[in-house]
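Below is one structure, written out as structure tokens; the observations come after it.
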Amino acid sequence: MPKSKSTRKNAAGKFAIAILAAGKGTRLKSRYPKVLHEVGGKPMLEHVIASARKVVAPEDIYVIIGHEAELVKRRVGATGVNFVLQAEQRGTGHAIMVAKDALSQYDRFLVLSGDVPLIWAGTIERLRDFHREQKAAMTILTAEVENPHGYGRIVRKEGKSAELAAIVEQKALTRKQRNLREVNSGIYAFESRPLFARISKLKTDNAHKEFYLTDMAGLLVRDKQKVVALPAMNPEEVLGSNTRLELSMLDQHLRMAKCYELMAEGVTIYKPETCVIDSGVEIAPDTVIEPFVQVLGKSKIGGECRVRSYTVIEDCEIGDGVEVRHHSVLQHARVEAKAIIGPFSRLRPGSEIGEGAHVGNFVETKKTRLGKGSKANHLAYLGDALIGDQVNIGAGTITCNFDGVEKHPTAIDDNAFVGSNSTLVAPVRIGSGSYVGAGSVVTDNVPADSLALGRSRQVVKEGWAKERREKMAAK
Ligand code: UD1
Ligand code: CA
């Protein structure tokens with residue numbers, strides 16, 4: 001959280017990281033701030049903060065916020081970074097003006113962009129080190145990208161040096177400059193003194209009537225200060241996202257990177273381009289992920305599992321050797337080793353499926369423990385239930401856990417057998433080793449080892465159908 005102004009002495013020799021995150025993101029046409037839009041299942045700003053935190057402590061990170069500032073703060077506040085408010089967003093140069101008090105305590109600092117989320121910690125360190133080696137006043141991380149449209153272009157000085165003359169924004173490019181493919185990533189290193197000595201010289205005489213931080217390059221060069229460019233090793237790392245199309249491309253990029261990482265760790269993923277796996281997911285070796293699977297949030301999947309197509313797993317813990325068959329939806333659930341789920345199962349939050357248990361098609365569970373080796377293979381609703389080991393739940397069984405006002409628990413003890421189409425009206429307990437006859441409505445507890453029949457007895461009227469046919473024929 002915001003620190004009291006530390007003395008310049010404490011900050012000397014250290015460097016800070018500023019993250020520009022105040023902009024509205026007009027081109028996304030969204031009511032939410034751009035930097036909170038998600039790629040790889042996480043807001044862009046969170047990715048940037050995570051990389052920055054690998055390089056400096058959170059108290060040396062300054063996130064510049066403005067548009068929907070409270071929302072942004074709430075979302076990433078727990079990371080412990082500082083926030084600087086840019087109440088009016090008058091450009092990237094203005095964002096740094098606003099942060100002057102915080103940043104001028106440091107000899108040098110880096111600027112990252114909240115909408116350039118793929119940046120690696122290693123690249124941030126490379127930029128920091130290159131900047132110091134070069135003894136530059138400003139160092140710009142650049143990249144040669146396939147489609148440079150929309151980016152500021154790098155105009156180098158004559159000759160082959162790393163030094164550059166200026167950064168020219170898209171709208172100000174001359175026809176000749178439009179062919180330049182080296183772009184400004186929006187990521188820089190600055191020496192504080194030369195920057196803040198000139199920051200008031202930035203002007204708004206441009207297409208957007210904004211203070212451009214990019215103009216600082218030209219200002220410094222004019223005063224014979226050294227401005228250099230460092231090309232990123234991996235150009236994809238500096239891709240920005242101003243539009244929904246760019247967002248989806250970044251998302252795809254991150255998803256593929258996650259799949260490749262898992263594959264390298266021994267997971268088989270068929271058609272990874274069809275899978276959506278969040279960056280926080282862990283999967284152990286020899287697990288097979290079939291096409292069109294989503295594994296989201298903080299899910300953890302053991303080894304030698306098989307997750308079949310069209311399944312969605314969110315924030316679940318899944319043991320070894322589990323098979324999740326087609327079209328299952330699992331949320332905040334725990335599944336122990338060798339269980340079989342699906343096809344078409346729905347495990348809602350608080351479901352706990354024991355070792356070797358089976359949950360079959362059209363079975364829904366919620367806040368329910370299904371013990372070791374127990375089976376609910378077809379068409380059931382099991383809510384607020386504690387079910388023991390080796391229990392059989394017949395097709396069509398329902399726990400009536402809700403009386404219209406409150407929820408009530410059902411207990412089904414070890415080795416019980418619940419016949420098909422049973423209605424268990426909670427609170428109720430089915431004792432161990434007992435039987436519930438098919439079609440029963442069970443309102444009272446069933447003692448261990450007994451049989452409960454909660455239905456009227458069958459009546460057989462012999463010859464009835466034959467008599468009826470004869471009567472009809474006589475008419
Ligand atoms: C900027 C660069 C461009 C570069 C590109 C790389 C400028 C003038 N241009 O363009 O050279 O190629 O990034 O992605 O800098 N922001 C604020 N306060 C503001 C305005 C913006 O904090 O007043 C933040 C935005 O939230 C965003 C970042 O600064 O995170 C960049 O702003 P954006 O408007 O996206 O700049 P680009 O047009 O992409
Ligand atoms: Ca941008």
Side-chain angles (χ1 to χ4, degrees), residues 17-28 30 32-37 39 43-49 52 62-69 71-72 76 83-99 103 110-119 138 140-145 147-155 164 166-173 177 180-188 190 199 202-219 229 231-232 235-247 249-250:
I17 293 183
I19 302 175
L20 305 185
K24 181 164 184 239
T26 313
R27 288 161 279 187
L28 288 179
S30 171
Y32 303 105
K34 170 158 67 174
V35 294
L36 290 191
H37 279 259
V39 296
M44 290 198 279
L45 181 57
E46 263 189 47
H47 288 278
V48 180
I49 291 176
Y62 298 84
V63 180
I64 296 153
I65 53 176
H67 181 68
E68 291 288 353
L71 211 60
V72 178
V76 301
F83 294 100
V84 177
L85 185 68
Q86 185 193 14
E88 243 190 300
Q89 295 90 56
R90 302 176 63 196
T92 46
H94 182 250
I96 297 299
M97 290 177 196
V98 168
L103 296 173
L110 261 59
V111 175
L112 307 181
S113 199
D115 67 343
V116 182
L118 307 189
I119 188 73
M138 174 181 186
I140 299 145
L141 185 69
T142 69
E144 290 223 0
V145 296
N147 178 11
H149 184 86
Y151 289 92
R153 298 319 144 74
I154 302 300
V155 182
L164 91 196
I167 302 172
V168 183
E169 288 304 296
Q170 174 75 35
K171 288 195 173 151
L173 291 170
Q177 286 170 333
L180 291 170
R181 286 186 52 225
E182 188 179 13
V183 304
N184 168 26
S185 67
I187 295 172
Y188 322 87
F190 284 105
I199 199 142
L202 290 177
K203 293 205 182 89
T204 55
D205 54 349
N206 52 53
H208 292 108
K209 310 253 173 312
E210 286 185 349
F211 295 103
Y212 288 171
L213 186 56
T214 47
D215 287 345
M216 189 49 69
L219 286 177
E236 293 186 314
E237 227 185 304
V238 301
L239 291 176
S241 59
N242 295 321
T243 63
R244 302 261 177 179
L245 175 64
E246 285 170 343
L247 261 180
M249 291 189 314
L250 290 188

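Here the structure is a predicted model, which means the values were calculated and not measured. First listed ligand is number 1; within each ligand, the first listed atom is number 1.
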Testing the basics here: between [X] and [Y], what is the closest heavy-atom pair and its distance to 0.1 Å?
X      : Y      : result
Asn206 : Lys209 : OD1-N, 2.8 Å
Ala52  : Leu112 : CB-CD1, 4.1 Å
Ile65  : Ala22  : C-CB, 3.5 Å
Asp115 : Asn242 : OD2-OD1, 3.2 Å
Val155 : Leu164 : O-CB, 3.4 Å
Ser113 : Ile19  : C-CG2, 4.4 Å

Are the side chain of [X] and the backbone N or O of [Y] linked by a donor-acceptor pair below 3.5 Å?
X      : Y      : answer
Ser185 : Leu141 : yes
Tyr151 : Gly240 : yes
Arg153 : Pro148 : yes
Glu68  : Gly66  : no

Quick check on contacts: which atoms of ligand 1 are under 4.0 angstrom from a heavy atom of [X]?
X      : answer
Ser185 : 6 (C), 14 (O)
Thr214 : 7 (C), 8 (C), 9 (N), 11 (O), 15 (O)
Lys34  : 35 (O)
Thr92  : 7 (C), 8 (C), 15 (O), 20 (C), 21 (C), 29 (O), 31 (C), 32 (O)
Gly114 : 30 (O)

Sub-4.0 Å heavy-atom approach of His94 to ligand 1: no
Are Asn242 and ligand 1 in contact, using a heavy-atom cut-off of under 4.0 Å? yes
Quick check: does [X] get an N/O under 3.5 Å from an N/O on ligand 1?
X      : answer
Ala22  : yes
Tyr188 : no
Gly91  : yes
Leu213 : no
Val35  : no

Just going by heavy-atom distances, which of [options] is nearest to [atom]?
atom                    : options                : result
atom 17 (C) of ligand 1 : Gln89, Gln86, Glu88    : Gln86
atom 3 (C) of ligand 1  : Gln170, Glu169, Lys171 : Glu169
atom 24 (C) of ligand 1 : Leu20, Val63, Ile154   : Leu20
atom 34 (O) of ligand 1 : Arg27, Arg90, Glu210   : Arg27
atom 31 (C) of ligand 1 : Ser113, Gly240, Ala18  : Ser113

For the [atom1] atom of [X] and the [atom2] atom of [Y], what is their distance to the nearest 0.5 Å?
X      : Y      : atom1 : atom2 : value
Ile154 : Ile140 : CD1   : CD1   : 5.0 Å
His208 : Glu169 : NE2   : CD    : 8.5 Å
Thr92  : Glu210 : OG1   : CD    : 7.0 Å
Gln86  : Ile64  : CD    : CD1   : 7.0 Å
Leu247 : Met44  : CG    : CE    : 5.0 Å

Please check atom 36 (O) of ligand 1 for a protein heavy-atom neighbour under 4.0 Å. no
Protein heavy atom under 4.0 Å of atom 1 (C) of ligand 1: no
Can you report which non-hydrogen protein atom sits closest to [atom], along with the distance?
atom                    : value
atom 5 (C) of ligand 1  : Asn184 O, 3.9 Å
atom 25 (C) of ligand 1 : Gly23 N, 3.7 Å
atom 13 (O) of ligand 1 : Gly186 CA, 4.4 Å

Can His149 and Gln170 be said to form a side chain to side chain donor-acceptor pair (under 3.5 Å), step by step? CA-CA 7 Å; His149 184 86; Gln170 174 75 35; 3.2 Å; yes
Provide the protein N, O or S atoms situated under 3.0 Å from the Ca ion (ligand 2); waters are not included. Asp115 OD2, Asn242 OD1
The side-chain contact (heavy atoms from CB on, under 4.5 Å) partner of His47 among Leu118, Leu250, Val39 is Val39
Relative to ligand 1, is His67 under 4.0 angstrom through side chain, backbone, both or neither, heavy atoms considered? neither
